[in-house]
Enquirer: 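Dumping the structure here so I can ask a few things about it.
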There are 2 protein chains.
Amino acid sequence: MTAPETRSATPADLLPKRPRGRPRKTEGERDDGNRRQDLLAAAARLFRHQGFDATSTRDIAAAVGMHSGSPFYHFKSKSALLFAVVQEGMHAAMARQAQALQPPGLTDPPSAQMRRLIRAHFDTLLGPGNDFIPVMLYESRALTAAQRSALAQLQDDYEAAWTPVLQALHASGELQAPVKVSRLLILGALNWAVQWYDRQKGLSLDELTDAAMALFFARKR
Amino acid sequence: MTAPETRSATPADLLPKRPRGRPRKTEGERDDGNRRQDLLAAAARLFRHQGFDATSTRDIAAAVGMHSGSPFYHFKSKSALLFAVVQEGMHAAMARQAQALQPPGLTDPPSAQMRRLIRAHFDTLLGPGNDFIPVMLYESRALTAAQRSALAQLQDDYEAAWTPVLQALHASGELQAPVKVSRLLILGALNWAVQWYDRQKGLSLDELTDAAMALFFARKR
DNA sequence: CCTACCGATCGGTAGG
DNA sequence: CCTACCGATCGGTAGG
């Protein structure tokens with residue numbers, strides 16, 4: 001087995017070499033929160049592909065055409081930037097989940113509700129440009145303890161929505177394993193898709209959702 | 001929401017403050033490969049709990065009572081150390097898997113084979129002191145491209161063993177989703193357990209295996 | 001495997 | 001948000 005010398009190259013297109021200078025700003029206009037949003041999106045992309053520790057605040061600054069010290073005008077620390085990324089990801093995820101469970105659908109059979117929960121989760125995980133939640137799943141260790149416990153609260157809320165649906169499926173015999181451990185195993189199966197799902201080729205998100213439903217839940221007799 | 005200042009403290013017991021001096025070495029005795037093994041075990045533990053980038057080679061040296069430059073006498077680079085950890089993890093995993101599939105069991109029904117595959121996988125993931133595979137699952141991004149492709153070969157071999165068993169379960173109707181995506185989803189569900197499983201409280205590995213079997217596979221009619 | 005060290009990089013800041 | 005900078009830390013090495 002060979003032992004190569006160089007760490008796999010950072011995709012060059014992720015990192016513009018130099019700041020692009022001041023962003024265009026027409027007279028009297030303010031940038032409002034746009035620069036902050038730019039930083040968040042760039043940080044999410046870089047944290048996802050290189051990891052939190054392997055991404056410098058200089059990388060992030062360069063990605064949005066700022067100089068090295070400027071991100072600290074918008075965020076008081078690198079870890080605060082990470083927390084903002086993760087927070088934004090969870091808020092989007094919960095909005096998407098709420099849409100999946102909107103009143104009209106609440107009278108559907110449990111399996112239809114579950115299908116919509118899973119489909120929404122795949123959107124959140126695998127939808128185009130959704131780097132925020134993958135960062136949350138794989139980089140949260142770099143958060144401070146207090147940030148992590150704030151995040152855990154959001155995650156608990158998100159996961160709690162699955163329990164009544166799983167209970168109904170268990171009662172009908174469509175779910176044959178205990179509800180609590182099923183929730184953990186199912187969410188794990190879905191979350192892991194971040195590691196292997198390729199939007200370009202293979203399954204669509206609808207097909208992936210069908211496969212997950214067929215794997216976890218028995219057809220009703 | 002508060003924005004705390006300090007990154008969550010590294011558990012103090014993971015990091016002895018100073019080298020403990022030369023390891024005891026009785027007259028005429030050699031350490032053979034023990035020091036190398038010590039480094040591997042310490043690196044696995046630290047990489048797992050702090051991440052690769054957040055662990056310095058000085059941390060690893062101190063954990064085994066060496067001075068800062070000494071790990072480079074055993075490994076030519078930090079990334080070579082990571083690769084050795086990951087390689088050792090995969091070799092142990094494949095040995096454990098081979099045991100689960102030994103000849104006497106090959107005449108068992110597919111569901112019994114699957115149960116042993118899953119149980120072996122949980123041993124590999126969650127058994128006491130098994131930090132090597134969790135490191136592989138969450139830190140492989142830091143490998144060089146060549147190291148990563150060598151690893152991918154090992155992983156393919158490991159996962160290939162699941163396919164015939166899943167095919168048999170599909171043929172018998174116990175597995176209702178397509179084989180390929182089922183393998184990906186199932187392994188994801190199991191791998192994610194690294195994130196939440198707590199050996200101290202709750203389920204045993206046998207109970208966890210039962211739950212997984214009940215979740216994924218229908219009772220045979 | 002230790003000693004002593006180097007060049008590079010990093011998060012963060014003062015002052016504007 | 002830029003300029004100019006600091007102290008700390010890091011992977012790695014030469015020479016023994």
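Lettering follows sequence order; numbering is per chain, from 1. FYI, side chains are in, hydrogens and waters are out, and symmetry mates aren't considered; it's all heavy atoms of this structure.
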Enquirer: How about B:D59 and B:S56: does a side-chain donor come under 3.5 Å of a side-chain acceptor?
Expert: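 On atom types as modelled, these side chains qualify, holding a pair under 3.5 Å.
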Enquirer: Rounded off to whole Å, could you give me the CZ-to-P distance for the B:R36 and C:dC1 pair?
Expert: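 B:R36 atom CZ is separated from C:dC1 atom P by 12 Å.
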Enquirer: What closest approach, in Å, do B:Q195 and A:L137 show between heavy atoms, and which atom pair accounts for it?
Expert: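 For B:Q195 versus A:L137, the nearest heavy atoms are NE2-O, 4.2 Å.
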Enquirer: For the pair A:E139 and A:K78, find out whether any cationic side-chain nitrogen is under 4.0 Å from an anionic carboxylate oxygen.
Expert: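 No, this pair does not count.
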Enquirer: DNA chain C in dot-bracket, Watson-Crick or G-U pairs under 3.5 Å, [ ] crossing, | other strand?
Expert: ||||||||||||||||
Enquirer: Please state how far atom CZ in A:F75 lies from atom P in C:dT13, giving the value in whole angstrom units.
Expert: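 These atoms are roughly 15 Å apart.
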Enquirer: Quick one: does B:L184's side chain get under 4.5 Å of A:Y197's, heavy atoms only?
Expert: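 They are not in contact (no side-chain heavy atoms under 4.5 Å apart), so the answer is no.
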Enquirer: Hey, does A:S56 reach any base, or is it just sugar-phosphate, or nothing, if we go heavy atoms under 4.0 Å?
Expert: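 Counting heavy atoms under 4.0 Å across all strands, the contact made by A:S56 is with sugar-phosphate only.
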Enquirer: Output the rounded distance in Å from CG (B:L82) to P (D:dG12).
Expert: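 Rounding to the nearest Å, CG of B:L82 and P of D:dG12 are 12 Å apart.
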Enquirer: Return the nearest nucleotide to the side chain of A:F72; candidates are C:dG11, C:dC1, D:dC1.
Expert: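 Of C:dG11, C:dC1, D:dC1, C:dG11 is nearest to the side chain of A:F72.
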Enquirer: What is the distance, rounded to the nearest whole Å, between atom CG of A:L39 and atom C1' of C:dG12?
Expert: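 So the CG-C1' distance, A:L39 to C:dG12, works out to 15 Å.
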Enquirer: Which nucleotide wins on minimum distance to the side chain of B:H74, given the candidates C:dT3, D:dC1, C:dC1?
Expert: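 Selected nucleotide (nearest to the side chain): C:dC1.
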Enquirer: Kindly point out which of C:dC2, D:dG11, D:dC2 is positioned nearest to the side chain of B:T57?
Expert: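 Given the options C:dC2, D:dG11, D:dC2, the side chain of B:T57 is closest to D:dG11.
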Enquirer: Between B:T55 and A:S68, which is nearer to the 5' end of DNA chain D once each is assigned its nearest nucleotide?
Expert: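 This one resolves to A:S68.
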Enquirer: Rounded to the Å, how far apart are B:Y73 OH and D:dA14 P?
Expert: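 From B:Y73 OH to D:dA14 P: 16 Å.
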Enquirer: D:dC10 P sits how many Å from B:L81 CG, rounded?
Expert: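 In whole Å, D:dC10 P and B:L81 CG are 15 Å from each other.
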Enquirer: If you only use heavy atoms from C-beta on, which nucleotide in C:dG11, C:dT3, D:dC2 is closest to the side chain of A:H67?
Expert: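 Nearest to the side-chain atoms of A:H67, counting from C-beta on, is D:dC2.
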Enquirer: Less than 6.0 Å separating the ring centroids of A:H121 and A:Y158?
Expert: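 Yes.
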Enquirer: Could you check how far CG of B:D53 sits from P of D:dG11, rounded to whole Å?
Expert: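 Spelled out: CG on B:D53 to P on D:dG11 is 9 Å.
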Enquirer: Considering only side-chain heavy atoms of A:R58, which listed nucleotide, D:dC2, D:dG11, C:dC10, is closest?
Expert: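 It is C:dC10.
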Enquirer: Does A:D157 have any salt bridge (charged side-chain N to carboxylate O under 4.0 Å, His left out) partners at least two apart in sequence or in another chain, and if so, which?
Expert: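 Checked A:D157 against salt bridge (charged side-chain N to carboxylate O under 4.0 Å, His left out); zero matches.
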Enquirer: Nearest 0.5 Å, what's the CG-CZ distance between B:L81 and B:R36?
Expert: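 So the gap between those two atoms works out to 8.0 Å.
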Enquirer: Write down the distance between CE (A:M66) and P (D:dC2), rounded to a whole number of angstrom.
Expert: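 A:M66 atom CE is separated from D:dC2 atom P by 7 Å.
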Enquirer: Measure from the side-chain heavy atoms of A:K78 and tell me the nearest of D:dC2, C:dC2, C:dG12.
Expert: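 Closest nucleotide among those given: C:dG12.
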